[in-house]
A.B. asks: 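One structure, as structure tokens, below. Some questions next.
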Amino acid sequence: MKPTIQAVKGTREFYPENMENRQWLYGQIRKVSELFGYQEWDGPFLEKIDLYAAKSGEELVKEQAFVFSDRGGDSVTLRPELTPSLARMVAQKQNELVYPLRWWSFGPFWRYERPQKGRTREFFQWNIDQIGVNSPEADAELVAICASFLKSVEISPEQVLISINHRKLMEQELIALGIEKEKHKTIFRLIDRRDKMHADEWNAYGVENGLSLNDLENLKTLLDDKELWKKSEELVRIFNALEKMGVKEYVRYDPSIIRGLDYYTGIVFEAWDVTGDGRAILGGGHYDNLVSDVGGDPLPGVGFAMGDVMATLLLQKFGKLPESVNLADTALVTVFDDSLIGSSLNLASQLRNEGIKTVCYPEAAKLQKQLKFADRMGIQVVLVLGPDEAQNGQVTIKNLKTRNQIQVKISEAAASVKELLANPQGL
RNA sequence: GUGGGUGUAGCUCAAUGGCAGAGCGCCGCUCUGUGGAAGCGGAUGUUGUGGGUUCGAUCCCCAUCACCCACCCCA
């Protein structure tokens with residue numbers, strides 16, 4: 001039987017086991033964010049398209065936003081990213097907020113693109129930003145948060161590394177090569193694509209964009225210079241800070257990291273599977289003008305975003321997603337026959353009153369069937385209330401893990417179940 | 001938006017221009033007061049949709065839709 005109405009292209013359906021993973025990821029994100037003293041916040045899911053027109057980069061707005069007319073005829077869009085909402089919310093209360101702001105968020109976003117591996121049209125994103133301070137150490141803190149996240153989900157530096165670069169350093173070096181400022185945006189795109197194109201293709205692309213062969217050679221030398229960061233006082237301080245924070249092994253300098261978004265003005269960074277598998281797991285950087293772009297006074301910030309789709313793929317690849325626990329902490333009260341339904345309902349209610357998560361089988365059925373149900377749902381504690389037990393005011397408690405069972409007085413059932421749930425090997 | 005691939009049972013996939021298959025899963029029984037194992041038995045298909053070629057199409061051709069992958073862009 002096939003459903004006649006399919007899910008919308010690029011959306012995902014979260015069956016309970018997937019939902020467990022999503023909630024687990026959210027929990028990891030929360031844990032790391034709060035560990036660094038960040039506060040959770042959120043913006044609207046619907047925004048006016050004009051909000052993004054300002055700075056997000058042309059393509060994101062024109063090609064990839066979900067835009068609808070509402071009933072009043074206004075153009076609204078499902079948010080494709082969070083940073084513009086952040087900038088506005090900061091600008092609106094600019095003089096009341098306490099700086100530096102440390103804010104994080106995890107919520108849904110939409111982008112109208114062709115779905116493929118690691119990319120859907122509806123996805124969740126972790127955003128985390130520090131706003132109102134302009135120190136390399138603040139930049140380093142965000143990188144350290146990335147590293148701490150990776151560490152907390154047991155991804156090692158042999159599996160994923162964070163690559164860092166600095167846009168001002170790159171601009172300064174391009175100027176030193178005699179490449180004028182007007183061309184920098186194009187050159188950045190070129191740099192961004194180096195890993196994706198064949199060498200000769202890349203050369204041709206460079207020449208197309210007005211570079212001489214000499215320029216290209218110089219650029220290649222620049223991009224292969226893994227010591228280039230030493231020329232940037234800021235990067236030196238950032239790497240220093242990262243060392244002190246104990247996350248240096250997760251980080252490397254990479255002069256080819258540039259990033260697509262236009263609003264970055266300082267450091268930029270991305271986390272990648274070291275084998276180059278897939279795409280960037282997270283990305284971010286330092287921005288100076290975002291708040292002023294939406295009408296506030298200039299306020300610097302640094303932040304990054306991580307999508308749940310790539311993150312989940314990565315965790316799956318390395319076997320780091322937790323196993324489903326289903327109803328492992330829940331008890332099942334079986335229903336022996338129609339005459340005992342009432343007793344079972346009563347017992348289940350008694351357990352719930354004691355705070356025990358309890359399922360009562362919804363009809364009389366073979367014990368075999370009810371136990372099989374428990375087994376498949378991951379339930380480990382089952383209570384049997386049959387005629388023999390009922391006669392003595394007792395109930396049988398069975399541990400499905402060890403296959404052992406005991407009989408206790410109904411009045412003591414809750415205590416025994418609690419004990420068993422706390423110590424599954426105890427029976 | 002561009003290019004490529006795939007559509008067959010609930011799932012994963014096989015097959016052949018001439019009766020539509022397997023594994024897994026599901027249901028039942030062995031087993032009317034005890035789950036995971038085993039054995040036995042059982043159900044399930046307009047072969048994505050529409051058209052064409054053919055005596056005959058699941059197979060070949062065309063169209064269409066859906067999904068997947070890559071590019072673009074990006075989380």
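Chain A is the first sequence line, chain B the second, and so forth, proteins listed ahead of strands; every chain is numbered from 1.
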A.B. asks: Measure from the side chain of Arg279(A), starting at C-beta and using heavy atoms only, and say which of C74(B), C67(B), C69(B) lies closest.
C.D. replies: C74(B)
A.B. asks: Under the side chain to side chain contact (heavy atoms under 4.5 Å, CB included) test against Gln407(A), which residue among Thr396(A), Val384(A), Val395(A) passes?
C.D. replies: Thr396(A)
A.B. asks: Using a 3.5 Å distance criterion without hydrogens, assess whether the side chain of Arg352(A) forms a donor-acceptor pair with backbone atoms of Thr358(A).
C.D. replies: yes
A.B. asks: Check the distance between C27(B)'s P and Lys366(A)'s NZ and give it to me in whole angstrom.
C.D. replies: 12 Å
A.B. asks: Between the base of A70(B) and the side chain of Arg114(A), is one N or O donor paired with an acceptor at under 3.5 angstrom?
C.D. replies: no
A.B. asks: To the nearest Å, how far apart are Asp277(A) CG and A70(B) P?
C.D. replies: 10 Å
A.B. asks: Salt bridge check, Asp74(A) against Lys48(A): does any charged N sit closer than 4.0 Å to a carboxylate O?
C.D. replies: no
A.B. asks: For Ile341(A), which residues count as a side-chain contact (heavy atoms from CB on, under 4.5 Å) partner, sequence neighbours excluded?
C.D. replies: Val335(A), Asp338(A), Leu345(A)
A.B. asks: Quick one: pull up OG1 in Thr120(A) and CZ in Arg111(A) and give me the separation to the nearest 0.5 Å.
C.D. replies: 10.5 Å
A.B. asks: Using atom P in both nucleotides, what's the gap between U2(B) and C72(B) to the nearest angstrom?
C.D. replies: 16 Å
A.B. asks: Starting at the 5' end of RNA chain B and moving along, which residue's nearest nucleotide shows up first, Pro115(A) or Arg259(A)?
C.D. replies: Pro115(A)
A.B. asks: Given that both pair distances must be under 3.5 Å and the pair must be Watson-Crick or G-U, what runs of three or more consecutive pairs involve RNA chain B?
C.D. replies: B:1-7 with B:65-71, B:10-13 with B:21-24, B:26-30 with B:38-42, B:48-52 with B:60-64
A.B. asks: Distance between the P atoms of C61(B) and G21(B), in whole angstroms?
C.D. replies: 25 Å
A.B. asks: If you find the nucleotide of RNA chain B closest to Thr120(A) and the one closest to Ala7(A), which residue's nucleotide is nearer the 5' end?
C.D. replies: Ala7(A)
A.B. asks: Output the rounded distance in Å from CZ (Phe269(A)) to C1' (A75(B)).
C.D. replies: 13 Å
A.B. asks: Within this structure, what is the CD1-to-P distance between Ile162(A) and A75(B), rounded to whole angstrom?
C.D. replies: 15 Å
A.B. asks: Determine the Euclidean distance between corresponding C1' atoms of G17(B) and G42(B); express it in Å to zero decimal places.
C.D. replies: 33 Å
A.B. asks: Does Lys9(A) make a side-chain N or O approach to OP1 or OP2 of C68(B) shorter than 4.0 Å?
C.D. replies: no
A.B. asks: Pick one: which of Arg30(A), Arg102(A), Lys31(A) meets salt bridge (Lys or Arg N to Asp or Glu O under 4.0 Å) with Glu40(A)?
C.D. replies: Arg30(A)
A.B. asks: Checking only heavy atoms, does the side chain of Arg119(A) share a donor-acceptor pair with the base of C74(B) at less than 3.5 Å?
C.D. replies: yes
A.B. asks: If I pick the P atom on U8(B) and the same atom on C59(B), what distance separates them, to the nearest angstrom?
C.D. replies: 13 Å
A.B. asks: Classify the nucleic acid contact of Ala305(A) as base, sugar-phosphate or nothing, counting any heavy atom under 4.0 Å across all strands shown.
C.D. replies: sugar-phosphate
A.B. asks: For the pair Asp225(A) and Lys220(A), find out whether any cationic side-chain nitrogen is under 4.0 Å from an anionic carboxylate oxygen.
C.D. replies: no
A.B. asks: How many Å lie between CD on Gln116(A) and P on U2(B), as a whole number?
C.D. replies: 15 Å
A.B. asks: Taking the side chain as C-beta and beyond, is there a heavy-atom pair between Ile131(A) and Leu86(A) under 4.5 Å?
C.D. replies: yes
A.B. asks: Would you mind telling me which of C26(B), A75(B), C69(B) lies closest to the side-chain atoms of Arg376(A)?
C.D. replies: C26(B)
A.B. asks: Describe the nucleic acid contact of Phe336(A) in one word from base, sugar-phosphate, nothing, applying a heavy-atom distance below 4.0 Å.
C.D. replies: base
A.B. asks: In terms of the angle between their ring planes, are Phe66(A) and Tyr112(A) parallel, tilted or perpendicular, with boundaries placed at 30° and 60°?
C.D. replies: perpendicular
A.B. asks: Given the P atoms of C71(B) and G56(B), what is the spacing between them in whole Å?
C.D. replies: 46 Å
A.B. asks: Distance between the P atoms of U44(B) and A22(B), in whole angstroms?
C.D. replies: 13 Å
A.B. asks: For the pair made of CD in Gln64(A) and C1' in C74(B), what is the distance, rounded to whole Å?
C.D. replies: 6 Å
A.B. asks: Taking atom P of G33(B) as reference, at what distance in whole Å does atom CG of Leu340(A) sit?
C.D. replies: 13 Å
A.B. asks: Say we look at C13(B) and G7(B): how far apart would their P atoms be, to the nearest angstrom?
C.D. replies: 10 Å
A.B. asks: Assess, by modelled atom type and distance only, whether the side chains of Arg279(A) and Gln116(A) contain a donor and an acceptor separated by less than 3.5 Å.
C.D. replies: yes
A.B. asks: Let me confirm one number: the CG-CD1 distance from Leu150(A) to Ile145(A), rounded to the nearest 0.5 Å.
C.D. replies: 12.0 Å
A.B. asks: Atom NZ of Lys117(A) and atom C1' of G5(B): how far apart are they, to the nearest Å?
C.D. replies: 15 Å
A.B. asks: Let me have a per-nucleotide readout for nucleotides 34-44 of chain B, 5' to 3', with B, S or -, counting only protein heavy atoms under 4.0 Å.
C.D. replies: BBB--------
A.B. asks: Would you mind telling me which of C26(B), C71(B), G33(B) lies closest to the side-chain atoms of Asp388(A)?
C.D. replies: G33(B)
A.B. asks: Distance criterion of 3.5 Å, no angle test: do you see the side chain of Glu113(A) paired donor-to-acceptor with the base of A75(B)?
C.D. replies: yes
A.B. asks: Can you check the distance between C11(B) and U47(B), where both ends of the measurement are the P atom (answer in whole Å)?
C.D. replies: 15 Å
